[in-house]
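To start, the structure itself, in structure tokens.
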Amino acid sequence: MTVSQPPFEDSPQISPAETPRRRLRDARWALLASAVILTGLVVVYEIPVWVGLLCFTATLAATLSIPRNSASRRLKINAQRRMRRMWPGTDMKVTVDALPTPCFVADARGITRYVNARAMEIYPGAKPGDPLSFSLRAPSLLEAFDRACSNGTAERINWIEKVPTETWLEAYIAPIHEPGPQEGQTSSRKPAFVLVVVQDQTENRRLERMRTDFVANASHELRTPLASLTGFVETLQGPARDDAEARDRFLSIMLDQAGRMRRLIDDILSLSRIELRAHVRPQTSVDLCEIVRHTNDALGPLARDMKMTIRLDLPETPVMISGDRDELIQVTENLVENALKYGSTGEVVDVSLTPKQTGEGETAWELAVRDFGEGIAPEHLPRLTERFYRVDVDSSRAMKGTGLGLAIVKHILTRHRARLDVESAPGKGATFKVIISG
Ligand code: ADP
């Protein structure tokens, strides 16, 4: 929807100095009238022609020498001033249009006087001439607007909009005063205009919340094994000091807890290393078939322990893609390890690599890891790649999980411009598919 805006009117010009020619032009009708009247007097009342000529010459001389300061001229200048106070000039509009954020220019009464292109996209109903509150309804913003007008100082406020989705917004409200009589001096009266710049802070807030949640979760995850280690050390120093059987049992639990802490620290470091490189696309050429075979060899012992079989279905020829070998090994290992750990009731894990046509006519490869275990309920699927998200915390801990494996997979795939799809239903196993372009 497009909303018509008043055209850019040029800023009123300062009147050029009055010249004799200009005065003559401005007084042309008065001169013509006096010429007609004098001619009439000469003809009707037989006044001597030279007297008529003398009178006309005097009128002409007066017109040329006396500066004109007519009421109409003053009215015109005042009208120009009023226009300038009501509608922002071209310079202001062009500047506001160049800003990438939604901006409104209102007058001190809160009437919208200009809406920049970006604001038009986001608030299609915004119209110059309408009250600003038609587009920006937040009471805190309107209060800040009134404060900015009466105090003459800029205001910055934040508010949350709940509908249609939760959005965090920030507005900067700056009064614009017309320059005062002296250079740099601003009028102490109400501002001529008020600039309202609105910024969507939702993404920043979300990232901030994610970071604080991550730190809180990571310290919680580390504190649990640490508390257990401290408890066992105290027991071994005190009541179980001479109990050889208890000491052996406790030491083995302590080893487990220390291992859990090490895995957590390894995964946290791994995640932050991948995040650091997130914007650098890998350039090396790697063979996906070789990576899958390497994973199969590395996880052979775990598969045997879990009494499971890994079945490979790979192309005969190498599948070369641009990627980071170590990171892609981490992806395949995490997915196959999860399939072995959480799909053990199915006894088999299928790993296949097949070409796939993308919408853009490019060839991509689909690496699918399928298990036939208990599967995942649909409500968990969208959250699986969140840090520390686990469907069942106890079973994850029992399997030496940290809750970071799939978050690492997602980050590596994002760096490789690849995608992770998960298909699963309770009781029917799970298929994790990596779609990566060749
Ligand atoms: P974890 O270290 O706990 O394995 P992940 O990020 O690798 O963490 O996985 C997150 C959660 O997703 C796991 O705790 C598990 O509940 C679930 N999950 C992952 N893979 C599978 C699978 N193949 N079958 C069933 N559940 C799975």
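Remember, it's a predicted structure, so these values are computed and weren't measured experimentally. Throughout, residue positions are numbered sequentially from 1 according to the sequence presented. Just so you know, ligand 1 is whichever comes first in the structure, and atom 1 is the first atom listed for that ligand.
Defined by atom type and a distance below 3.5 Å, a donor-acceptor pair is missing between the side-chain atoms of Trp168 and Glu170. With hydrogens and angles left out, the side-chain atoms of Glu337 and Asn334 include no donor and acceptor closer than 3.5 Å.
Of all non-hydrogen atoms in Leu142 and Ser133, the two that sit nearest each other are CD1-CB, 3.7 Å. Contact record, Lys433 with Ala368: CG-CB, 4.1 Å, taken as the closest heavy-atom pair.
Of the protein's non-hydrogen atoms, Asn338 ND2, 2.8 Å is the one closest to atom 7 (O) of ligand 1. Annotation: atom 3 (O) of ligand 1 to nearest protein heavy atom, Ser396 OG, 2.6 Å. Of all protein heavy atoms, the one lying nearest to atom 8 (O) of ligand 1 is Gly403 CA, 3.3 Å. Regarding atom 18 (N) of ligand 1, its nearest protein heavy-atom neighbour is Tyr342 CD1, 3.9 Å. In this structure, the protein non-hydrogen atom closest to atom 12 (O) of ligand 1 is Leu384 CD2, 3.4 Å. Taking atom 23 (N) of ligand 1 as the reference point, the nearest protein heavy-atom neighbour is Asp371 OD2, 2.9 Å. Atom 11 (C) of ligand 1 has its closest protein heavy atom at Tyr389 O, 3.8 Å. Here the heavy atom of the protein found nearest to atom 5 (P) of ligand 1 is Leu406 N, 3.6 Å.
Rounded to the nearest 0.5 Å, atoms CG (Asp266) and CG (Leu271) are 12.5 Å apart.
Under 4.0 angstrom from ligand 1, there are no non-hydrogen atoms of Thr385. At a heavy-atom cutoff of 4.0 Å, ligand 1 is contacted by the side chain of Phe432 but not by its backbone. Of all the heavy atoms of Ile376, the ones lying under 4.0 Å from any atom of ligand 1 belong exclusively to the side chain.
Listed by number with element, the atoms of ligand 1 under 4.0 Å from a non-hydrogen atom of Arg390 are 3 (O), 14 (O). Taking every heavy atom of Thr402 and a limit of under 4.0 angstrom, the matching atoms of ligand 1 come to 1 (P), 2 (O).
Looking at Thr101, its side chain never comes within 3.5 Å of a backbone N or O of Val197 through a donor-acceptor pair. One N or O on the side chain of Arg415 and one on the backbone of Val280 form a donor-acceptor pair closer than 3.5 Å.
For ligand 1, one of its N or O atoms has an N or O atom of Gly405 under 3.5 Å away.
The six-membered or imidazole ring of Phe193 lies away from that of Tyr114, with a centre-to-centre distance of 6.0 Å or more.
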task: Determine, stepwise, if the pair Phe388 / Phe214 fulfils ring-ring contact (aromatic ring centres under 6.0 Å, His included).
output: CA-CA 8 Å; Phe388 297 114; Phe214 177 68; 5.8 Å; yes

